[in-house]
Protein chains: 2
Amino acid sequence: MVTIKDVAKAANVSISTVSRVLNNSGYSSMSTKEKVNKAVEELKFQKNMVATAMIKKQTSTLGLIIPDIKNIFYGELTRAIEDQAHQYGFNVILCNTDNDLEKEAEYLNFLLRKGIDGIIFSTPEINDKNIREVMKNRPDVPLILLGSQVKNVRLDEVLVDNFEGGYQATAHLLDHGHQRIGYIGGQKDSYATVERYKGYAKALEDYGIEPMDEYLKLDEFKIHSGYHRGKELLKMSEPPTAVFAGNDAIAVGVYKAARELGISIPEELSVIGFDDSQFAEIVDPELTTIRTPISEMGEKTVELAIQIVREGKNFKETVTFQPSLIERGSTAKVNDHYLVRKYPS
Amino acid sequence: MVTIKDVAKAANVSISTVSRVLNNSGYSSMSTKEKVNKAVEELKFQKNMVATAMIKKQTSTLGLIIPDIKNIFYGELTRAIEDQAHQYGFNVILCNTDNDLEKEAEYLNFLLRKGIDGIIFSTPEINDKNIREVMKNRPDVPLILLGSQVKNVRLDEVLVDNFEGGYQATAHLLDHGHQRIGYIGGQKDSYATVERYKGYAKALEDYGIEPMDEYLKLDEFKIHSGYHRGKELLKMSEPPTAVFAGNDAIAVGVYKAARELGISIPEELSVIGFDDSQFAEIVDPELTTIRTPISEMGEKTVELAIQIVREGKNFKETVTFQPSLIERGSTAKVNDHYLVRKYPS
DNA sequence: TTGAAAGCGCTAACAA
DNA sequence: TTGTTAGCGCTTTCAA
């Protein structure tokens, strides 16, 4: 390994001089600069960042905590984050926790000991236990929440307006004449699940409809959840004519359930998703969904994180992005014929 | 920050004693062990891994180079790799290159300077330029190829038998009576594209059919490629009755093309994919595909990498996994009626 | 404008 | 069984 020492020897200067020209700090004459740069090139010297990290206490790496990178939503989010981090000269260490708090704690421990410069949390169920622990023991490490909030914890947060999204989705369905609208959410304690539900309930209320408990199902933000809960919904004696799925994966599961039951979308059942992930354009009919500006949120999060790292202070800022309705083929006017056929008198 | 020094002071021993009990190396009496451990607990001491890395020249982190984590195939692969790495106490730094050699070089540079212990390469088009550079300048850093081979470079490799997979896929179609079979591959120079094509061609040959250039399309391993190339294929005056898609994403694109042209799968067109990714079970009908044992390959790769890191030598081993046919609903017997309808006399 | 020297937090001889 | 000491490769005073 070529070190600064080798460069110093080759350039016939001291290592501190080499360091100075390498970092463009302090003074150095043009001629020594040239000498040093020449030696650097000849020896193909690359500064060892571990040594720098030890002194500066900065590693130019961020930790990213998510439940599962296989989940397409996190794939898109992670890509945006990694790209932006790369722009700023940072690397990201990926941590998949499966929402397991112990696993999360292990990762946290590792990240902290490796001296990462900041941690981005993006898990649906954020339990404050680990977060509080980190805040207490390592107040120097920037933490940023992406997509979720934690009760009673004040941190920088980047969110999508889930309430608004839930409202838009439900209003869209109501505007198409649907009255029996199911909601299949993710984890019960998830911020997104709760907020989207609130938007859903508010829309129903505004349209003069009482939310029915039977139409409310909570599970996980996964395909199989949508499938099972969707089946439950569709097999009811008075099934909903439309389903607001907590995310696109759940919507995909609902498609599958409907297919198996011979129910066609959107003729007999309208489905609306959330996120506008890749899934939305793959299914047939293409999925009407609420777009979460995933990339923008990822980018903003990294910018915030790096700003905090550089300026050394949390802003305790909350940045909220607005969702938007993307209308495709999975939602349509409620079909009275269907109602008649399934429930004659 | 609590350091080993603080612990030493609290336990009333020297720092080397603390280091010894921390690492369970050398001798130390039961009583001092207890003293030290107590101090460690009280102070909540965590060993700074940056300092250790500097001395040991090991960071317990691996670099993973892929084209794009948004791509569902790499999501699954990355998850398997990260999990296994975590098992061994390693972290992984994610690098998305978009197959851009310059970007790849940048990442490589970073990883090397950060002292990562090994690099896993998993990109379809592996150009040997960057790899050779690393091998030359940093022969001490383990490199492992996952999913691809590079000409004239001998490295540890973990592969799936692409030829066999291509053969199986094509034979399956041929067994169903198809004679006009299209192949839509990924990047022209990609190892997977080429090997799968060879398997395809060999199967045709074995069944006495001459491969036709018009039925061969190459693009990228992406949905839109499958869509565009699929349309080209399906709009031919004598279109194929079956398509072997180079991967599941391409197959999804073919579905879309078929849908737009009013061609139904599998009645009028059989489609077979490759990988058995999440996409396969989402589409309707579910996709018949060749299963690549993604998780197993990811795990094996990490095991190899860590073995090399620990034992300090490359084995130059090639591990090949066997693919398998997963039959679902997208392939069926060739439909003579269709042929007649579309080409009367 | 440059160099000597101390030190980041830890490990590993070596001596005691 | 323990402590002293010399580094790992770099940055950063401080003197010169």
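Nothing here was measured: the structure is a model prediction, and the numbers come from that model. Just so we're on the same page: letters track the sequence lines, and every chain starts at 1.
- Between the side chains of S19(A) and S16(A), no donor N or O sits under 3.5 Å from an acceptor N or O.
- Identified under the salt bridge (charged side-chain N to carboxylate O under 4.0 Å, His left out) test for residues 111-120 of chain A, with sequence neighbours left out: none.
- With 3.5 Å as the limit, one finds a donor-acceptor pair spanning the side chains of S29(B) and T32(B).
- The CG atom of N12(A) sits 12 Å away from the P atom of dT2(C) (whole-angstrom rounding).
- Residue pairs meeting the salt bridge (charged side-chain N to carboxylate O under 4.0 Å, His left out) criterion with at least one member in residues 87-109 of chain B, sequence neighbours excluded: R79(A)-D98(B), D98(B)-K103(B).
- Within residues 34-54 of chain B, the residues approached by DNA chain C to less than 4.0 Å at the level of any non-hydrogen atom are F45(B), K47(B), N48(B), A51(B), T52(B), in residue-number order.
- Here dC10(D) is the nucleotide among dC10(D), dC8(D), dT4(D) with the atom lying nearest to any side-chain atom of I4(A).
- Among residue pairs with one or both ends in residues 58-97 of chain B, those qualifying as ring-ring contact (aromatic ring centres under 6.0 Å, His included) are Y107(A)-H86(B); sequence neighbours excluded.
- In this structure, K114(B) places its NZ atom 16 Å from P of dC10(D), rounding to the nearest Å.
- I15(A) has its CD1 atom 15 Å from the P atom of dG7(C), to the nearest Å.
- Residues satisfying the side-chain hydrogen bond (donor to acceptor under 3.5 Å, both in side chains) test with Q87(A), not counting sequence neighbours, are none.
- Here K35(A) pairs with nothing under the side-chain hydrogen bond (donor to acceptor under 3.5 Å, both in side chains) rule; sequence neighbours left out.
- A heavy-atom distance below 4.0 Å to DNA chain D is reached by these residues of residues 17-26 of chain B, ordered by number: T17(B), R20(B).
- A pairwise comparison of heavy atoms in G118(A) and V141(A) identifies CA-CG1, 4.3 Å as the closest pair.
- Using a 4.0 Å cut-off, no side-chain N or O of T3(B) falls inside it from OP1 or OP2 of dG9(C).
- What separates CG of D6(A) from C1' of dC10(D) is a distance of 13 Å, to the nearest Å.
- With sequence neighbours left out, the side-chain hydrogen bond (donor to acceptor under 3.5 Å, both in side chains) criterion links N71(B) to no other residue.
- Between the NZ atom of K56(A) and the P atom of dT12(D) there is a distance of 5 Å, rounded to whole Å.
- Heavy atoms of S16(A) sit under 4.0 angstrom from at least one base atom.
- Axis orientation changes by 50° from one end of the helix from dT1(C)-dA16(D) to dA16(C)-dT1(D) to the other, with each end axis drawn from 5 pairs and the value rounded to 10°.
- Between K57(B) and dG9(D) there is a side-chain polar atom (N or O) within less than 4.0 angstrom of OP1 or OP2.
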Distance-only check: which donor-acceptor pairs under 3.5 Å involve side-chain atoms of residues 302-310 of chain A, not counting sequence neighbours?
residue: E303(A); atom: OE2; partner: Q84(A); partner atom: NE2; Å: 3.0

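- Annotation: salt bridge (charged side-chain N to carboxylate O under 4.0 Å, His left out) contacts involving residues 45-59 of chain B, sequence neighbours excluded, are absent.
- Here dG3(D) is the nucleotide among dG3(D), dC10(C), dT2(D) with the atom lying nearest to any side-chain atom of S14(B).
- One interatomic measurement links the two molecules: NZ of K33(B) to C1' of dT1(D), which rounds to 11 Å at whole-angstrom precision.
- You won't find any donor-acceptor pair under 3.5 Å spanning the side chain of T32(B) and the base of dT1(D), going by distance alone.
- Rounding to whole angstrom units, CZ of residue R113(B) and C1' of dC10(D) are separated by 12 Å.
- With sequence neighbours left out, E34(A) forms a side-chain hydrogen bond (donor to acceptor under 3.5 Å, both in side chains) with no residue at all.
- For the pair I55(A) CD1 and dT13(D) P, the computed distance is 11 Å after rounding to whole Å.
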